[in-house]
Protein chains: 2
Amino acid sequence: MKNKATSFDIAHMAGVSQSTVSRALNDSPLVNIETRRKVQEIARQLNYKVDKNASNLRRQRSSTIALLLFEDPTSDDSMINPFFLSMLGSITKASASRGYDLLVSFQNLDSDWHAEFEDSHKADGIILLGYGDYRSYEGKLTQLQEQGTHIMRWGAPVAEYPGISIGCDNFQGGKDVTEHVLSLRQGNFAFIGDVGDKAPEFQARYEGYLQALEQHSGTSVASVQIDAISAESAGIDAAQQLLERHTPLPDAIVCAADIIAVGVLKTLKAAGVQVPADVAVVGFDNIQLSAFTTPSLTTVQQNTIQAGEALVENLLRAIEGEQTTDYLMPATLIVRQSCGCESNE
Amino acid sequence: MKNKATSFDIAHMAGVSQSTVSRALNDSPLVNIETRRKVQEIARQLNYKVDKNASNLRRQRSSTIALLLFEDPTSDDSMINPFFLSMLGSITKASASRGYDLLVSFQNLDSDWHAEFEDSHKADGIILLGYGDYRSYEGKLTQLQEQGTHIMRWGAPVAEYPGISIGCDNFQGGKDVTEHVLSLRQGNFAFIGDVGDKAPEFQARYEGYLQALEQHSGTSVASVQIDAISAESAGIDAAQQLLERHTPLPDAIVCAADIIAVGVLKTLKAAGVQVPADVAVVGFDNIQLSAFTTPSLTTVQQNTIQAGEALVENLLRAIEGEQTTDYLMPATLIVRQSCGCESNE
DNA sequence: CTGAAAGCGCTTACAG
DNA sequence: CTGAAAGCGCTTACAG
């Protein structure tokens, strides 16, 4: 059995027409139950599977979702933010369970992404993932949308960005974690993470942070903000900057992402600064690593399973022609030891 | 521009036949350079992309690689071994750079994997990933092979398993890390990890471990072995067992995977056992987490970038009809602090 | 309930 | 160098 079987082979064996085979295999009600059983039984014996290329070509759809994972080019090449890896896992499962293939591709702002972008042409819909600046892709994405491709984006809703956005409540999460720190700390605060238009998720977290500080202003709280993209190295750079230029050190450092906090912790440790004794540090994302840093990191959890489900579910709805809208999922504060408070971990 | 452009649209605009458009876009030397340029220019303007379904159907190939990631059902559902997530990243990049799509699917031994397995029918080749027991899949995989699908497997070469295997030198890695421990420790040793036929990678590591012990037998070294699949929870169970039944505790614990070691460290810590003072612990894989445990974990690195490249490269060679054979890549000892030795990390 | 036939958008002998 | 035509394996009106 060198060549894969076709529906004609089955038709021949079952003594029916190829049309009937096709109907039987697609569980069409138009086919006699006996005939259907016979056809399906033969198909199973032959290990027959429908040729997706032919089927999709004929049906004029692809049964495929493209996942474009954007990474900032400046981040370490070797290490994708584990948070997105985790999202990748949940999106894979969510699409598989709905009978859709997932075409994964990594977009890198400085590579020849045009080539990789081709994937998106083979898909009924696209999921965008990454703490990235989508504006540079706007042209291509808009063009795809005009050609009927649906786009779902993980992150904060931004009117100018393409597609519908689903994200966690970054504002509330930033506020919650900052309030937690405020309940334990006084003094100067620092926020590490980009806060411009190009980083809407970080910006929302920053705004939550600012509001918490403001509402707490019985005690006056000073704040500095230092830019950092989503990468350990950026956290190291930012912490270095803090150590060099800001004396005394802030009493608490709120990081826009766990992976940044990891770099911050490393740098502080190397400089002999005690966490949480000298300074409290918190992150965002609840990556696996955050439970293992020393001290373990207080952070905000985004439910990746639920997020993957929501992205796929809404994308498929959009493909079916239903109306979908932006929405936010709740974020959960995870208290660990990096603020010096009690913890059950 | 609601509908995607076809080659006929371009043919019309360029004033040539559709055949010529197809040739021009495939860089056929049979087409006039002027004509080719004109066609390609129009294609770019229209944001035209070849319909892969049609193209693959005609060419009778798929330009797709299926990645089947096997997980043991007993492992925590939420957490895929980060080592394989890292492999996933490198395989994705390696296939993209060669113009192949990657269809990712997670196989779970206890789920209805038949459904997910269908993916493999759409692929020119399959990459198998996971510390899994492939024997239960043998029937399906053999059938695919007979139908002309090429299979590449990450792991130790096992004659009965389907496909060509590429892996790291688990034996040497196991031996190296054990010798390192032996250079610092005397006394009783324990190995945690499955060592049966169903876990050939772990078994090879175990054999390296045994050989190191044997060659060192100037000092007599006692050894126990405890089963554990590749999961943190399995490490916790195994360490618990060690604590309950083995007094005194071994002086060194060699774990078959980092993720097992993470569970072991956690359990020892909870029991008040000091690492490395009371007992040395080492792992295997060099997952990101291993640098962040307390103490940081001495382990063996498998080069995932190189591994992904090798898997894809060899798979494509096999698809082209070239002969390929099993082979091993070197594994590198990474010394950290969990054995109490000096470290530069 | 079933079959004969058209056609999805390409690639590629074949003929010029 | 170019074009007309066949055909990849399906799905689905259309006719019975």
Side-chain angles (χ1 to χ4, degrees), chain A residues 1-40 42-43 46-64 99 101 118 121-124 147-148, chain B residues 1-40 42-43 46-64 99 101 118 121-124 147-148:
Chain A
M1 198 205 312
K2 181 64 189 156
N3 294 305
K4 303 196 179 179
T6 74
S7 52
F8 283 94
D9 299 329
I10 296 178
H12 185 71
M13 291 177 71
V16 297
S17 76
Q18 182 269 339
S19 325
T20 301
V21 171
S22 176
R23 290 196 192 95
L25 294 174
N26 286 293
D27 284 325
S28 160
L30 288 172
V31 83
N32 181 290
I33 185 84
E34 286 298 316
T35 317
R36 185 197 306 186
R37 283 221 188 95
K38 184 163 55 170
V39 167
Q40 293 187 342
I42 293 173
L46 263 56
N47 197 25
Y48 169 82
K49 290 288 164 353
V50 169
D51 182 312
K52 282 288 179 185
N53 285 319
S55 164
N56 288 335
L57 175 59
R58 177 56 229 251
R59 284 192 156 127
Q60 288 298 83
R61 58 164 202 188
S62 67
S63 301
T64 298
D101 289 331
E118 289 185 13
H121 278 270
K122 304 168 210 154
D124 297 325
Q147 291 173 347
Chain B
M1 199 202 313
K2 182 65 189 153
N3 294 305
K4 301 198 180 179
T6 73
S7 52
F8 282 94
D9 298 329
I10 296 178
H12 185 72
M13 290 178 70
V16 296
S17 76
Q18 182 269 339
S19 327
T20 300
V21 170
S22 177
R23 290 196 193 95
L25 294 174
N26 286 294
D27 285 325
S28 160
L30 287 173
V31 82
N32 181 290
I33 185 85
E34 285 298 317
T35 316
R36 184 196 308 186
R37 283 222 187 94
K38 184 163 58 172
V39 168
Q40 294 187 341
I42 293 172
L46 263 56
N47 197 26
Y48 169 83
K49 292 287 163 357
V50 168
D51 182 313
K52 283 287 178 184
N53 285 318
S55 164
N56 288 335
L57 175 59
R58 179 56 230 252
R59 284 193 156 127
Q60 288 298 84
R61 58 163 205 189
S62 67
S63 301
T64 298
D101 289 331
E118 289 185 11
H121 278 270
K122 305 168 208 154
D124 297 324
Q147 291 173 347

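To find a chain, count down the sequence lines: A is the first, B the second, and so on, and within it residues start at 1.
As a whole-Å value, the separation of A:L57 CG from D:dC8 P is 13 Å. If you measure from atom CG of B:N56 to atom C1' of C:dC8, you get 14 Å, rounded to the nearest angstrom. If you measure from atom CG of A:N53 to atom C1' of C:dC10, you get 11 Å, rounded to the nearest angstrom. In this structure, the CZ atom of A:R61 is 17 Å from the C1' atom of C:dG7, given to the nearest Å. Atom CZ in A:R59 sits roughly 16 Å away from atom P in C:dG9 (whole-Å rounding). Distance A:Q18 CD to D:dT12 C1': 11 Å, rounded to the nearest Å. One can place CD1 of B:I10 at 12 Å from C1' of C:dC10, the figure rounded to the nearest angstrom.
Distance from the side chain of A:F8 is smallest for D:dC10 among the nucleotides C:dC10, D:dC10, D:dG3.
Checking the phosphate oxygens (OP1, OP2) of C:dG9, a side-chain nitrogen or oxygen of A:Q60 falls inside 4.0 Å. Under 4.0 angstrom from either OP1 or OP2 of D:dG9 there lies no side-chain N or O belonging to A:T6. OP1 or OP2 of C:dC10 sits under 4.0 Å from a side-chain N or O of B:Y48. Regarding contacts with the backbone of D:dG3, a side-chain N or O of B:T20 is found under 4.0 angstrom from either OP1 or OP2. A close approach under 4.0 Å does occur between a side-chain nitrogen or oxygen of B:S17 and OP1 or OP2 of D:dG3.
Backbone-only engagement by B:S7 is indicated by non-hydrogen atom pairs under 4.0 Å involving sugar-phosphate atoms exclusively.
Remark: the separation of the P atoms in D:dA5 and D:dC1 is 24 Å, to the nearest Å. Rounded to whole Å, the C1' atom of C:dG16 lies 16 Å from the corresponding atom of C:dT12.
Of all heavy-atom pairs between A:A14 and A:V39, the closest is CB-CG2, 4.2 Å. Scanning all heavy atoms of the two residues, the minimum distance from A:S17 to A:A11 falls at C-CB, 3.7 Å.
With a 4.5 Å cut-off on side-chain heavy atoms, A:L57 and B:D51 count as touching.
Paired regions of DNA chain D, where each region holds three or more successive Watson-Crick or G-U pairs whose two hydrogen-bonding distances fall under 3.5 Å, are C:1-3 with D:14-16, C:5-12 with D:5-12, C:14-16 with D:1-3.
Residues of residues 24-39 of chain B that place a heavy atom closer than 4.0 Å to DNA chain D, in numerical order, are B:P29, B:L30, B:V31, B:N32, B:T35.
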_Apply side-chain contact (heavy atoms from CB on, under 4.5 Å) to residues B:M13 and B:L46 and explain how you reach the verdict._
CA-CA 11 Å; B:M13 290 178 70; B:L46 263 56; 3.9 Å; yes

Just the table, please: protein N/O against nucleotides 13-16 of chain D N/O, every pair under 3.5 Å.
{"residue": "D:dA13", "atom": "N6", "partner": "A:R23", "partner atom": "NH2", "Å": "2.9"}

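Take B:R61 and apply the side-chain contact (heavy atoms from CB on, under 4.5 Å) test, not counting sequence neighbours, and it matches B:N56, B:R59, B:S63, B:D124. Among residues two or more places apart in sequence or in another chain, the side-chain contact (heavy atoms from CB on, under 4.5 Å) test is passed with A:S7 by A:Q18, A:V21, A:Y48.
With values rounded to the nearest 0.5 angstrom, B:K52 atom NZ is found 7.0 Å from B:D101 atom CG.
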Determine all donor-acceptor pairs shorter than 3.5 Å in which one atom belongs to a side chain in residues 23-31 of chain A; sequence neighbours excluded.
{"residue": "A:N26", "atom": "ND2", "partner": "A:S22", "partner atom": "O", "Å": "2.8"}
{"residue": "A:D27", "atom": "OD1", "partner": "A:Q40", "partner atom": "NE2", "Å": "3.0"}
{"residue": "A:S28", "atom": "OG", "partner": "A:L30", "partner atom": "N", "Å": "3.0"}

